[in-house]
Protein chains: 2
Amino acid sequence: MGQRVQGTDGGNGEVPSMCPRCVLAGILGEALQDPDSRQLLARLTQDKTSLGCGQTLRRDGEVFQALYMLRAGALKTTTVSEDGSPQVIDFHFPGELIGLSALGTGRYLGLITALSPSALCVIRSTDLEDLSTRYPGVRKRLLQLAAREVGRRERMHQLMLGTRAEVRLALALLNIAGRLQVLSADGLSRFRLPMARADLAAYLGLTPETTSRHLRNWESKGWISTRGREFRVEVPDALQVIASRRIPDGVSVNHTRLAGIGSGLPG
Amino acid sequence: MGQRVQGTDGGNGEVPSMCPRCVLAGILGEALQDPDSRQLLARLTQDKTSLGCGQTLRRDGEVFQALYMLRAGALKTTTVSEDGSPQVIDFHFPGELIGLSALGTGRYLGLITALSPSALCVIRSTDLEDLSTRYPGVRKRLLQLAAREVGRRERMHQLMLGTRAEVRLALALLNIAGRLQVLSADGLSRFRLPMARADLAAYLGLTPETTSRHLRNWESKGWISTRGREFRVEVPDALQVIASRRIPDGVSVNHTRLAGIGSGLPG
DNA sequence: CGGAGTCTTGACCTCTATCAAGTTTTGTGG
DNA sequence: CCACAAAACTTGATAGAGGTCAAGACTCCG
């Protein structure tokens with residue numbers, strides 16, 4: 001989503017981060033032609049918020065005030081279901097817009113908190129309105145981004161349809177790795193999850209235990225290696241293979257079919 | 001979504017349907033002030049497609065050509081997962097826009113087919129572009145609709161996080177009943193599902209068998225009654241109660257834990 | 001009335017949630 | 001830099017929920 005460019009920003013270089021100009025430029029589009037708007041762009045890129053780990057950006061139900069562009073770090077959006085168990089609705093990674101859905105209802109949905117120290121650009125609703133009326137292309141671009149977000153969430157639904165925990169987990173890791181990719185020189189094969197296992201599990205409707213078990217299982221087969229939140233995919237496409245089969249080994253679907261269901265590769 | 005008004009259209013009155021003018025008016029907004037655009041509106045409301053049960057509107061990957069507004073009937077969007085099992089990504093009910101996500105990528109996602117005889121208004125991409133450039137309010141409205149759709153899908157994710165099949169099913173029925181409500185005089189307490197159990201199950205990542213079992217279970221408790229696809233909710237809020245508890249019958253969550261958690265209806 | 005498709009019911013078995021310890025990692029203060 | 005405490009993660013045992021296969025009942029149509 002948006003234009004992503006590996007960041008080397010002038011300011012605080014503690015964390016790898018997006019070049020905010022590039023991303024915002026993607027949103028502003030034609031507005032940039034106008035020298036007058038350069039000024040605004042400059043203001044937007046300076047107008048930032050930073051959050052410590054665990055700090056909250058917005059709470060559930062707060063009225064829409066601004067769209068945020070995540071520059072560095074990672075966030076999560078959570079709710080609490082009626083029975084009290086925590087639910088993770090989404091994660092947010094550098095280069096992504098946060099708060100789009102609040103454009104529809106006028107209120108933020110869920111509690112948005114930082115998973116790690118994060119930096120964000122703030123695009124105030126007033127500025128957004130200003131820009132949108134002055135430059136039609138801005139709204140066109142926003143519409144495109146929102147539509148893309150709808151598509152992303154539709155694919156997320158697909159992901160959740162994988163009944164099997166193993167499939168969901170593999171798909172989610174691919175998804176997250178893809179979104180993190182920008183920041184990693186190694187592409188998909190190596191990445192660091194910013195969130196706890198419990199968050200990942202809650203995102204997928206699983207328990208941390210199940211999540212852990214499958215990861216260890218894959219590791220025991222040599223497909224991946226993990227060390228805490230650090231991941232490395234040893235067998236290229238291993239995740240894809242797992243993700244694409246609800247059916248275990250290319251072996252049986254069910255009882256009375258074939259003996260050793262080990263559900264694994266030779267190992 | 002959109003403005004919904006119970007329909008009494010002049011044309012073919014076989015099926016209860018939305019008043020297309022009202023819905024389109026919600027999209028077009030200010031454009032309507034312009035007498036010139038009335039003409040376009042007239043054209044859009046006439047420009048319709050109708051589909052027989054099972055017929056397809058668009059296929060996966062087709063390039064974006066038009067946005068559709070469903071006037072009557074019901075559609076589903078499906079994909080096939082890599083292992084060949086069918087997945088239902090979404091249902092579409094009267095008054096809803098179809099194809100928004102294709103605005104982002106330029107291509108439709110999934111196979112869109114009719115669940116029952118359906119009628120749709122066609123808003124060609126060219127017309128859309130025309131309108132959008134002439135009337136900024138149109139794009140603003142579309143952005144709002146897209147953002148709302150993002151929110152809807154975020155809540156859908158929440159729904160899927162209900163691990164328990166019973167909870168998912170109850171939430172989904174509430175969701176669908178709500179979207180169907182416009183057409184039913186009895187509100188939420190009585191409705192007819194347009195889709196087969198198998199589709200509903202595939203939408204939720206369940207099997208038809210499990211779906212059926214839970215429905216019959218609720219029926220045996222007198223909470224609902226069903227006859228084929230016809231539903232009636234006998235105990236008001238029964239679905240809400242089911243939906244809000246992962247915890248079964250006021251009994252235990254698990255062995256050795258808690259005597260009576262209540263939280264259930266009288267059995 | 002018959003036949004196809006849809007829905008229900010049953011038996012069985014796998015998978016995942018749950019509870020309960022361990023173990024490792026992370027963060028903090030000495 | 002080490003020691004300690006608090007999280008986070010892993011591992012194990014167990015049972016309940018849901019998937020799978022199979023067959024029967026019901027519906028809808030022609």
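Residue numbers begin at 1 in each chain, while the letters A, B, ... track the order of the sequences. This is a predicted model, so every value here is computed, not measured.
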**Under-4.0 Å side-chain N/O to phosphate OP1/OP2 contact, B/His214 with D/dA17** = no

**Fill in**
A/Glu166 CD to C/dT16 P, in whole Å, measures 8 Å

List the atom pairs, with distances to 0.1 Å, where a side-chain N or O of residues 202-211 of chain A and a protein N or O form a donor-acceptor pair under 3.5 Å, not counting sequence neighbours.
from: A/Thr207; atom 1: OG1; to: A/Thr210; atom 2: N; distance (Å): 3.3
from: A/Thr207; atom 1: OG1; to: A/Thr210; atom 2: OG1; distance (Å): 3.0
from: A/Thr211; atom 1: OG1; to: A/Thr207; atom 2: O; distance (Å): 3.0

**Request:** Taking only the side-chain heavy atoms of A/Thr163 (C-beta and beyond), determine which of D/dG19, C/dA17, D/dA17 contains the nearest atom.
**Result:** D/dG19

**Request:** Please state whether the phosphate of C/dT16, meaning OP1 or OP2, lies under 4.0 angstrom from any side-chain nitrogen or oxygen of A/Thr207.
**Result:** no

**Item:** Residues in side-chain hydrogen bond (donor to acceptor under 3.5 Å, both in side chains) contact with B/Ser50, at least two apart in sequence or another chain
**Value:** none

**Spacing of A/Leu206 atom CG relative to C/dA17 atom C1', expressed in whole Å** = 10 Å

**Request:** Scan side-chain atoms only and decide if B/Gln87 and B/Ser81 contain a donor-acceptor pair under the 3.5 Å cut-off.
**Result:** no

**Prompt:** When the distance from CZ of B/Arg164 to C1' of D/dG18 is rounded to whole Å, what number comes out?
**Reply:** 11 Å

**Request:** Quickly work out the A/Leu169 CG to C/dT16 P distance and round it to whole Å.
**Result:** 10 Å

**Complete:** To the nearest angstrom, the CG-C1' distance between B/Leu200 and C/dC7 comes to 13 Å

**Prompt:** Expressed in angstrom and rounded to an integer, what is the separation of A/Leu204 atom CG from C/dT16 atom C1'?
**Reply:** 14 Å

**Prompt:** How would you list, by chain and number, every residue that makes a ring-ring contact (aromatic ring centres under 6.0 Å, His included) with A/Tyr68, sequence neighbours excluded?
**Reply:** none

Protein-nucleic acid N or O pairs under 3.5 Å, nucleotides 6-10 of chain D:
from: D/dC9; atom 1: OP1; to: A/Arg229; atom 2: NE; distance (Å): 3.2
from: D/dC9; atom 1: OP2; to: A/Arg197; atom 2: N; distance (Å): 2.8
from: D/dT10; atom 1: OP2; to: A/Arg197; atom 2: NE; distance (Å): 3.1
from: D/dT10; atom 1: OP2; to: A/Ser212; atom 2: OG; distance (Å): 2.6
from: D/dT10; atom 1: O5'; to: A/Ser212; atom 2: OG; distance (Å): 3.1
from: D/dT10; atom 1: O3'; to: A/Arg216; atom 2: NH1; distance (Å): 3.4

**Side-chain (A/Arg229) to main-chain (A/Pro194) donor-acceptor, under 3.5 angstrom** = yes

**Item:** Within 45° cone of A/Trp218 ring axis and under 6.0 Å: A/Lys221 NZ or CZ
**Value:** no

**Request:** With sequence neighbours excluded, tell me which residues meet side-chain contact (heavy atoms from CB on, under 4.5 Å) with B/Gln55.
**Result:** B/Leu51

**Request:** Rounded to the nearest angstrom, tell me the gap between atom CG in A/Asn217 and atom C1' in D/dT11.
**Result:** 13 Å

**Request:** Output yes when a side-chain donor or acceptor of A/Arg197 lies under 3.5 Å from a complementary backbone atom of A/Gly228, and no otherwise.
**Result:** yes

**Request:** Let me know the distance between CD of A/Glu230 and C1' of C/dT24, rounded to the nearest Å.
**Result:** 16 Å

**Asked** More than 12 heavy atoms of other residues, nucleotides or ligands under 6.0 Å from CZ of A/Arg192: is that the case?
**Response** yes

**Request:** Determine to 10° how strongly the helix from C/dC1-D/dG30 to C/dG30-D/dC1 is bent, judged from the axes of its five-pair ends.
**Result:** 50°

